[in-house]
Q: 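Mind looking over this structure? Questions follow.
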Amino acid sequence: MGFNASLSGISTANADLSVTANNIANVNTVGFKESRAEFANVLTATGYGLQNNAMGSGARLTNVAQQFSQGNIDQTGRSLDLAIAGEGFFTLNMNGSRVYSRAGNFQADKNGYVVNPQGARLQVYAPSADGTRFDGALTDLRLLSGDSAPRPTSQLELAFTLPANAKEPTITPFDPAVSNSYSHSSGGITVFDSLGVSHIQTSYFVKTANPNEWAVYNFVDGVPVNNGSVPGDPTATPPVPAVIGSPTLLQFSDSGALITPADGKITLGSFTPSTGAGQLAMSLDVSGSTQYGEKFNQHNTGQDGYASGKLNEINISEKGVVYARYSNGVDVALGQVALTNFNNPQGLLGEGNNLWSETYASGTPRTGAPDSSDLGQIQAGSLEASTVDLTQQLVNMITAQRNFQANAQMLSTQDQITQTVINIR
């Protein structure tokens with residue numbers, strides 16, 4: 001009789017229902033991958049290996065295979081919500097053990113480390129000293145909470161057009177406090193010292209007696225920074241005036257192009273701030289300047305320093321580079337998210353809590369940067385939804401239920417036949 005075959009059918013149908021129930025229960029689980037119950041038939045061994053009359057002994061569960069297909073990516077707008085568009089797993093450190101996940105619902109713990117809800121730390125490639133490469137060892141991602149350090153100004157840019165019909169000033173010698181002793185001024189560029197304190201650099205232009213020639217005097221906070229300049233001492237008795245020093249000459253061609261200085265750069269004298277910061281040694285680039293027309297125009301100003309800044313937000317690029325963005329406009333790279341892939345993801349061992357670990361069957365892990373090799377891109381502010389199709393799972397439930405009922409009915413039929421045989425007299 002086929003009691004065992006029917007029992008095995010009931011067992012496999014029950015397993016199919018259990019897998020379907022687990023899928024349905026995780027329809028809203030972030031990064032969940034649906035599973036599929038896989039079965040094989042069972043044959044009874046016969047004498048001498050003959051199979052001509054073998055009727056089979058039912059079925060058995062051979063595997064519960066997770067289907068690592070791409071889930072829908074839903075936007076959340078939260079910077080530490082990450083989704084992988086493509087293949088790969090987030091690489092995590094769980095108490096010293098390496099685990100992997102597709103769920104990117106991360107958060108910062110009390111120490112600033114980026115962790116999943118179970119406390120596993122997200123792994124990143126550490127940046128190089130200059131922040132341009134990420135080829136170091138894997139490390140825990142930790143968010144900075146302090147201020148961004150200031151950067152002293154070393155390069156200034158000033159582009160302007162001087163009037164070609166300008167006349168010499170009516171008052172000599174040059175004095176920044178006397179407007180008729182110079183032709184035009186830059187209006188001031190904000191620069192920063194090593195402590196992040198701002199200062200104002202100003203250029204004064206004086207037309208000389210020579211055609212197409214101008215003298216330019218430079219000051220920082222009213223202190224001259226020209227060749228031979230000497231700061232004054234207003235606290236002395238009597239007060240010591242500053243020595244303005246020699247100007248830099250600007251010469252233009254008959255077509256208005258700057259020809260002197262040849263590289264368009266003016267080296268400014270050192271400036272010692274009163275804030276206790278280090279000396280400012282700056283260079284002024286005026287290479288984009290011209291002499292045309294009848295009016296003074298200032299086209300562009302710029303400098304490479306900045307003050308200290310407060311942390312505004314965390315940004316993560318498609319290539320997984322994590323940036324701390326500060327109020328002073330500085331972006332500091334904290335690391336690059338490490339993704340890992342396997343030759344056989346179905347061979348991974350499920351650890352629960354949306355985590356997997358490496359096994360012999362999964363193959364050796366291949367860890368790399370996002371959007372490289374066969375690894376997907378990172379989408380920040382998004383989460384990967386469960387791959388469970390609820391409609392399909394409900395159909396699977398009905399099918400498994402019918403299989404269960406059919407095998408139960410077969411068992412009942414065989415019981416009736418057995419009773420009939422027993423009742424023969």
Q: Report, one line per pair, each donor and acceptor closer than 3.5 Å where one atom sits in a side chain of residues 156-168; sequence neighbours left out.
A:
unit_1 : atom_1 : unit_2 : atom_2 : d
Thr161 : OG1    : Thr290 : OG1    : 3.0
Thr161 : OG1    : His299 : NE2    : 2.5

Q: If I compare all heavy atoms of Ser386 with all of Asn28, which pair ends up nearest, and what's the gap?
A: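 For Ser386 and Asn28, the tightest heavy-atom pair comes out as CB-N, 4.5 Å.
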
Q: Taking the side chain as C-beta and beyond, is there a heavy-atom pair between Gln67 and Lys33 under 4.5 Å?
A: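 Heavy-atom side-chain distance check fails, nothing below 4.5 Å.
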
Q: Is the CG atom of Asn300 crowded by more than 12 outside heavy atoms at less than 6.0 Å?
A: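 Yes - once you tally the heavy atoms of other residues, nucleotides and ligands closer than 6.0 Å, there are more than 12.
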
Q: Show the nearest heavy-atom pair for residues Gly276 and Leu195, with the distance to one decimal.
A: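 So the minimum-distance heavy-atom pair works out to C-CD1, 4.1 Å.
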
Q: Would you say Asn23's side chain and Ser35's backbone share a donor-acceptor pair under 3.5 angstrom?
A: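 Yes: the side chain of Asn23 pairs with the backbone of Ser35.
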
Q: Quick one: pull up CG in Leu383 and CG in Asp74 and give me the separation to the nearest 0.5 Å.
A: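 It is 7.5 Å, given to the nearest 0.5 Å.
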
Q: For the pair Ser373 (side chain) and Leu375 (backbone), establish whether a donor and an acceptor sit closer than 3.5 Å, ignoring hydrogens and angles.
A: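 Between the backbone of Leu375 and the side chain of Ser373 there is no qualifying donor-acceptor contact (under 3.5 Å).
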
Q: Would you say Glu318 and Ile378 make side-chain contact, with heavy atoms under 4.5 Å?
A: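 Glu318 does not reach Ile378 side chain to side chain.
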
Q: I'd like to know if the side chain of Gln279 and the backbone of Thr272 have a donor-acceptor N/O pair within less than 3.5 Å.
A: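 No; judged by distance alone, with no hydrogens or angles, the pair does not exist.
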
Q: Give a yes or no on whether the backbone of Leu355 and the side-chain of Asn353 come within a donor-acceptor separation of less than 3.5 Å.
A: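 Looks like no, no N/O pair under 3.5 Å.
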
Q: Side chains of Thr275 and Asp193 only: does a donor on one sit below 3.5 Å from an acceptor on the other?
A: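 Asp193 and Thr275 do have a side-chain donor-acceptor pair below 3.5 Å.
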
Q: Any donor-acceptor pair under 3.5 Å linking the side chain of Gln70 with the backbone of Gly86?
A: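 Confirmed, Gln70 side chain pairs with Gly86 backbone.
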
Q: For residues 95-122, which residue pairs qualify under salt bridge (charged side-chain N to carboxylate O under 4.0 Å, His left out), counting only residues two or more places apart or in two chains?
A: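 Every salt bridge (charged side-chain N to carboxylate O under 4.0 Å, His left out) pair that includes a residue of residues 95-122, provided the two are not neighbours, is Arg102-Glu384, Arg121-Asp140.
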
Q: Would you say that Val206 contacts Pro247 through its side chain, given a criterion of any heavy-atom pair below 4.5 Å between the two side chains?
A: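 They are not in contact (no side-chain heavy atoms under 4.5 Å apart), so the answer is no.
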
Q: Is there a side-chain contact between Leu61 and Asn63 in this structure, where contact means two heavy atoms from C-beta onward sitting under 4.5 Å apart?
A: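 Side chain of Leu61 against side chain of Asn63, heavy atoms only: no contact under 4.5 Å found.
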
Q: Is it the case that the side chain of Gln298 and the backbone of Ser186 share a donor-acceptor pair, with hydrogens and angles ignored and the cut-off at 3.5 Å?
A: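 Answer holds: yes.
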
Q: Write down the atom of Gly278, the atom of Pro273, and the distance for their closest heavy-atom approach.
A: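 Taking every non-hydrogen atom into account, O-CD, 3.3 Å.
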
Q: Among pairs that include at least one residue of residues 112-155, which meet ring pair (Phe, Tyr, Trp, His ring centres under 6.0 Å), considering only residues two or more places apart or in two chains?
A: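 Listed once each, the pairs would be none.
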
Q: Under the salt bridge (charged side-chain N to carboxylate O under 4.0 Å, His left out) definition, can you give me all pairs with a residue in residues 238-266, not counting sequence neighbours?
A: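 The answer is none; no pair qualifies.
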
Q: So which atom in Ser181 and which in Val178 form the shortest heavy-atom distance, rounded to 0.1 Å?
A: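 Answer, listing the atom of Ser181 first, then Val178: OG-O, 2.7 Å.
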
Q: What I want to check is whether the side chains of Thr76 and Asp81 have a donor and an acceptor closer together than 3.5 Å.
A: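 Short answer, yes.
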
Q: Does anything in residues 9-19 form a side-chain hydrogen bond (donor to acceptor under 3.5 Å, both in side chains)? List the pairs, not counting sequence neighbours.
A: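 Listed by first then second residue: nothing to list.
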
Q: Could you report the tightest heavy-atom contact between Asn93 and Gly96, atom names first, then the distance?
A: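 That closest heavy-atom pairing would be OD1-N, 2.9 Å.
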
Q: Which atoms form the tightest heavy-atom contact between Leu348 and Ser362, and what is the distance?
A: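 Looks like CD2-CB, 3.7 Å.
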
Q: Do you see a donor-acceptor pair shorter than 3.5 Å between the side chains of Thr62 and Glu38?
A: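 Absent: no donor and acceptor within the cut-off.
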
Q: What pairs meet the ring pair (Phe, Tyr, Trp, His ring centres under 6.0 Å) rule with one or both residues in residues 57-83, with sequence neighbours excluded?
A: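 For residues 57-83, and leaving out neighbouring residues, the ring pair (Phe, Tyr, Trp, His ring centres under 6.0 Å) pairs sorted by first residue read Phe68-Phe89, Phe68-Trp356.
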
Q: Which residues pass the side-chain contact (heavy atoms from CB on, under 4.5 Å) test with Ala13, sequence neighbours left out?
A: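 Per chain and number, Ala13 pairs via side-chain contact (heavy atoms from CB on, under 4.5 Å) with Asn403, Phe404.
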
Q: Please indicate whether Gln75 has more than 12 foreign heavy atoms, meaning atoms of other residues, nucleotides or ligands, lying under 6.0 Å from its CD.
A: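 No, the 6.0 Å shell around CD holds no more than 12 heavy atoms from other groups.
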
Q: Evaluate the side-chain proximity of Ser308 to Pro150: yes if any heavy-atom separation is below 4.5 Å, no if none is.
A: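 Touching, per the 4.5 Å side-chain cut-off.
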
Q: Phe296: which residues meet the ring pair (Phe, Tyr, Trp, His ring centres under 6.0 Å) condition with it, sequence neighbours left out?
A: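 Only His184, Phe205 meet the ring pair (Phe, Tyr, Trp, His ring centres under 6.0 Å) criterion with Phe296.
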
Q: Would a 4.5 Å heavy-atom cut-off, applied to side chains only, mark Ile316 and Ser79 as touching?
A: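 Not touching, per the 4.5 Å side-chain cut-off.
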
Q: Under the salt bridge (charged side-chain N to carboxylate O under 4.0 Å, His left out) definition, can you give me all pairs with a residue in residues 364-383, not counting sequence neighbours?
A: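 Qualifying pairs: Lys319-Asp371, Arg366-Asp374.
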
Q: Output every pair passing ring pair (Phe, Tyr, Trp, His ring centres under 6.0 Å) with a member in residues 313-341, not counting sequence neighbours, ordered by first then second residue.
A: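 For residues 313-341, and leaving out neighbouring residues, there are no ring pair (Phe, Tyr, Trp, His ring centres under 6.0 Å) pairs at all.
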
Q: Between CD of Gln118 and CG of Asn95, what distance do you get to the nearest 0.5 Å?
A: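 Going from CD on Gln118 over to CG on Asn95, the span is 11.5 Å.
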
Q: We want to know whether Thr91 and Thr340 form a side-chain donor-acceptor pair, criterion being a heavy-atom distance below 3.5 angstrom.
A: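 A donor-acceptor contact under 3.5 Å links the two side chains.
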
Q: Report yes or no: do Thr153 and Gln303 form a side-chain donor-acceptor pair below 3.5 Å?
A: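 Judged by distance alone, the side chains do pair up.
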
Q: Side chains of residues 211-223: which donor-acceptor partners sit under 3.5 Å, not counting sequence neighbours?
A:
unit_1 : atom_1 : unit_2 : atom_2 : d
Asn212 : OD1    : Gln291 : NE2    : 2.7
Glu213 : OE1    : Thr208 : OG1    : 3.0
Glu213 : OE1    : Asn210 : ND2    : 2.7
Glu213 : OE2    : Gln251 : NE2    : 2.9
Trp214 : NE1    : Gln291 : OE1    : 2.8
Asn218 : OD1    : Gln201 : NE2    : 3.0
Asn218 : OD1    : Ser203 : OG     : 2.6
Asp221 : OD1    : Ile200 : N      : 2.9
Asp221 : OD2    : His199 : ND1    : 2.6

Q: Just wondering, do Leu92 and Asn116 contact through their side chains at under 4.5 Å, heavy atoms?
A: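 Side chain of Asn116 against side chain of Leu92, heavy atoms only: contact under 4.5 Å found.
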
Q: Any side-chain heavy atom of Pro370 sitting closer than 4.5 Å to one from Gln336?
A: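 Heavy-atom side-chain distance check passes, below 4.5 Å.
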
Q: Would you tell me whether Asp389 and Gln393 have side-chain atoms, one donor and one acceptor, within less than 3.5 Å of each other?
A: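 Gln393 and Asp389 do not have a side-chain donor-acceptor pair below 3.5 Å.
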
Q: Quiz question: by atom type and distance under 3.5 Å, do the side chains of Gln346 and Asn344 form a donor-acceptor pair?
A: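 Absent: no donor and acceptor within the cut-off.
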
Q: Can you classify the ring geometry of Phe174 versus Tyr204 as parallel (below 30°), tilted (30 to 60°) or perpendicular (above 60°)?
A: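 Geometry flag for Tyr204 against Phe174: tilted rings.
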
Q: Quick check for you: to the nearest 0.5 Å, what is the distance between Asn227 atom CG and Ser229 atom OG?
A: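 Nearest 0.5 Å value for the CG-OG distance: 7.5 Å.
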
Q: Is the side chain of Asn226 donor-acceptor paired with the backbone N or O of Ile244 at a distance under 3.5 Å, no angle test?
A: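 It does hold such a pair.
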
Q: Determine which pairs satisfy salt bridge (charged side-chain N to carboxylate O under 4.0 Å, His left out) with at least one residue from residues 291-311, sequence neighbours left out, and list them in order.
A: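 Passing the test, one end in residues 291-311: Asp147-Lys310, Arg151-Asp304.
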
